[in-house]
Participant: 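Questions regarding the structure given below will be posed in turn.
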Protein chains: 2
Amino acid sequence: MVTGRAASPPTHTNAEDPIVFVIDDDASVRDALSNLFRSVGLRTVAFGSAHEFLQHKPADVPSCLILDIRLPRLSGLDFQAELAKAGIHIPIIFMTGHGDIPMTVRAMKAGAVDFLTKPFRDQDMLDAVTTAIERDRNRRDEAKVLANLRAAFASLTPRERQVMTLVTAGLMNKQVAAEIGVAEITVKIHRGQIMRKMAAKSLPDLVRMAEILGIGQASGRAQT
Amino acid sequence: MVTGRAASPPTHTNAEDPIVFVIDDDASVRDALSNLFRSVGLRTVAFGSAHEFLQHKPADVPSCLILDIRLPRLSGLDFQAELAKAGIHIPIIFMTGHGDIPMTVRAMKAGAVDFLTKPFRDQDMLDAVTTAIERDRNRRDEAKVLANLRAAFASLTPRERQVMTLVTAGLMNKQVAAEIGVAEITVKIHRGQIMRKMAAKSLPDLVRMAEILGIGQASGRAQT
DNA sequence: GGGCGGACCATACTTAGGTTTAGCCGCAAC
DNA sequence: GTTGCGGCTAAACCTAAGTATGGTCCGCCC
């Protein structure tokens with residue numbers, strides 16, 4: 001699982017490798033964690049505060065965030081909420097020396113990967129990081145697919161989007177034509193254009209794209 | 001949300017209403033919770049042990065389970081694992097007087113709805129129950145749809161299942177025919193039979209069914 | 001005002017999808 | 001041993017889908 005180049009120089013920074021971010025106001029904690037992660041070949045970047053982390057431009061690789069629940073200015077929990085509100089969905093692993101159960105519940109409900117009490121075993125932290133990175137990798141892959149689909153869908157004209165919705169809902173060309181008040185031949189032309197622009201290789205393919213885009217199944221039909 | 005018949009006799013048991021199950025070895029806790037839930041019109045059934053709960057035949061309505069983490073024989077956490085292993089997916093709300101963070105994390109990771117520390121506010125418990133019931137309702141709805149689809153798919157002959165897989169993957173009839181080594185006309189016959197047995201109103205409809213059943217997209221073909 | 005793109009439509013043609021009717025083969029159940 | 005079913009196929013026929021080619025109309029931008 002680890003890349004096997006663990007013994008290479010500390011700043012090899014291959015753009016493919018995941019990154020672990022650490023935020024803790026205690027430098028000794030940061031160093032200990034950095035050493036732990038580097039010992040298994042994981043790129044690590046540590047910050048002394050949430051603010052510093054936000055300055056850092058987000059790298060475009062799978063990553064996760066190790067966070068002490070008791071941060072200087074902003075609490076770890078509040079920072080988690082901030083990130084979510086800002087649309088940053090990096091998986092978070094909390095650690096705490098004096099946490100309580102309500103905090104834990106709140107963090108986990110908000111999607112935290114794990115919540116470790118200090119002192120924790122190195123292996124527990126590494127397991128949590130593995131899970132977190134994997135989760136982020138999946139999320140990024142899905143986001144990428146979705147972004148591509150959305151871009152393609154946005155390149156359709158309004159009419160084409162409308163036809164795509166009706167076609168993927170299962171209507172025949174003539175039904176689509178009647179629905180929007182045009183000739184059947186016009187629908188066929190739109191349809192061909194849709195297949196090209198969306199790069200769909202078949203109707204089932206297009207239907208799956210529509211599913212991912214969340215098009216049409218809720219409305220049912222015959223409204224508006 | 002509540003049915004509005006809260007003042008009716010204690011055992012009106014309309015089959016539509018959700019049920020809250022309570023397991024606690026302390027009778028006073030059981031009574032207090034039962035009273036709380038009944039005061040807002042929720043059917044409630046309480047048990048003194050996990051064993052008693054398992055004896056009870058599971059009602060076919062949305063429900064949830066309130067569980068003390070410290071159960072007599074089996075711990076609440078282990079019981080949660082038992083239920084999961086047995087394929088019983090009722091949402092669980094834990095409560096505890098002396099819980100710790102690792103327990104909380106384990107419970108939440110395993111899908112618990114909430115983890116309340118005693119003493120808790122009534123409203124917190126009611127909120128958790130509302131969430132849990134809603135979650136179970138959704139899960140049941142999805143399970144029902146899935147079960148119906150599986151039944152329909154099981155009614156297909158092996159050949160029909162194979163053809164459905166290929167057709168929903170986007171292959172044309174002639175390609176399917178070549179793939180399985182039969183004449184195109186045979187594929188058409190199978191296909192018509194599939195549409196009837198699956199009660200699909202259109203190809204997009206069938207594709208969506210295949211998606212839910214998890215058929216065929218992994219195998220791919222002609223990608224990239 | 002000319003060019004451009006979106007939307008529309010017609011004719012003509014080809015391919016794909018789908019049904020009906022009818023029949024053959026093999027196998028398992030009765 | 002006959003009946004039923006799954007699987008297969010053919011012929012005939014019809015509808016649906018898709019692709020040119022060619023053209024109109026409208027609004028927008030430079």
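In what follows, every chain begins at residue 1, and chains take the letters A, B, ... in the order their sequences are listed.
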Participant: What one-letter contact string describes nucleotides 6-16 of chain D from 5' to 3', where B marks a base within less than 4.0 Å of any protein heavy atom, S marks contact via sugar-phosphate atoms alone, and - marks no contact?
Facilitator: SSSBBB----S
Participant: Which two nucleotides bound the region of DNA chain C that has atoms under 4.0 Å from heavy atoms of chain B, read 5' to 3'?
Facilitator: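 First and last nucleotides in contact are C/dA16 to C/dT20.
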Participant: Quick one: side-chain contact (heavy atoms from CB on, under 4.5 Å) partners of A/Asp25, sequence neighbours excluded?
Facilitator: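 With sequence neighbours excluded, A/Asp25 shows a side-chain contact (heavy atoms from CB on, under 4.5 Å) to A/Pro72, given in chain and number order.
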Participant: If I take atom CG in residue B/Leu203 and atom P in nucleotide D/dA17, what distance separates them, rounded to the nearest angstrom?
Facilitator: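 Taking CG of B/Leu203 and P of D/dA17, I get 11 Å after rounding.
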Participant: A/Arg137: what forms a side-chain hydrogen bond (donor to acceptor under 3.5 Å, both in side chains) with it, not counting sequence neighbours?
Facilitator: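 With neighbours one apart ignored, the set is empty.
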Participant: With sequence neighbours left out, write down each residue that passes side-chain hydrogen bond (donor to acceptor under 3.5 Å, both in side chains) with B/Asn148, or none if nothing qualifies.
Facilitator: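 Expected list: none.
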Participant: With salt bridge (charged side-chain N to carboxylate O under 4.0 Å, His left out) as the test, would you mind laying out the steps for A/Arg139 and A/Asp136 before giving the verdict?
Facilitator: CA-CA 5 Å; A/Arg139 195 193 57 77; A/Asp136 198 39; 3.3 Å; yes
Participant: Going by the salt bridge (Lys or Arg N to Asp or Glu O under 4.0 Å) test, which pairs reach into residues 156-171 of chain B, not counting sequence neighbours?
Facilitator: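 Found B/Glu160-B/Lys197.
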Participant: Rounding to a whole Å, what distance do you find between A/Ile194:CD1 and D/dA17:C1'?
Facilitator: 13 Å
Participant: Just to verify, what does B/Lys109 make a salt bridge (Lys or Arg N to Asp or Glu O under 4.0 Å) with, not counting sequence neighbours?
Facilitator: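 Checked B/Lys109 against salt bridge (Lys or Arg N to Asp or Glu O under 4.0 Å); matches are A/Asp114.
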Participant: Can you name the ring-ring contact (aromatic ring centres under 6.0 Å, His included) partners of B/Phe53, sequence neighbours left out?
Facilitator: B/Phe21, B/Phe47
Participant: How far does the helix from C/dG1-D/dC30 to C/dC30-D/dG1 bend, going by the axes of its first and last five pairs, to the nearest 10°?
Facilitator: 30°
Participant: Name all residues meeting the side-chain contact (heavy atoms from CB on, under 4.5 Å) criterion together with A/Met209; count only those two or more places apart in sequence or in a different chain, and write none if there are none.
Facilitator: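 A/Met209 satisfies side-chain contact (heavy atoms from CB on, under 4.5 Å) with A/Leu149, A/Met198, A/Ala200, A/Asp205, A/Leu206 only.
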Participant: Restricting to side-chain hydrogen bond (donor to acceptor under 3.5 Å, both in side chains), what partner residues turn up for A/Asn173, sequence neighbours left out?
Facilitator: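 Only A/Arg191 meet the side-chain hydrogen bond (donor to acceptor under 3.5 Å, both in side chains) criterion with A/Asn173.
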Participant: For B/Arg30, give me all partners under side-chain hydrogen bond (donor to acceptor under 3.5 Å, both in side chains), at least two apart in sequence or on another chain.
Facilitator: none
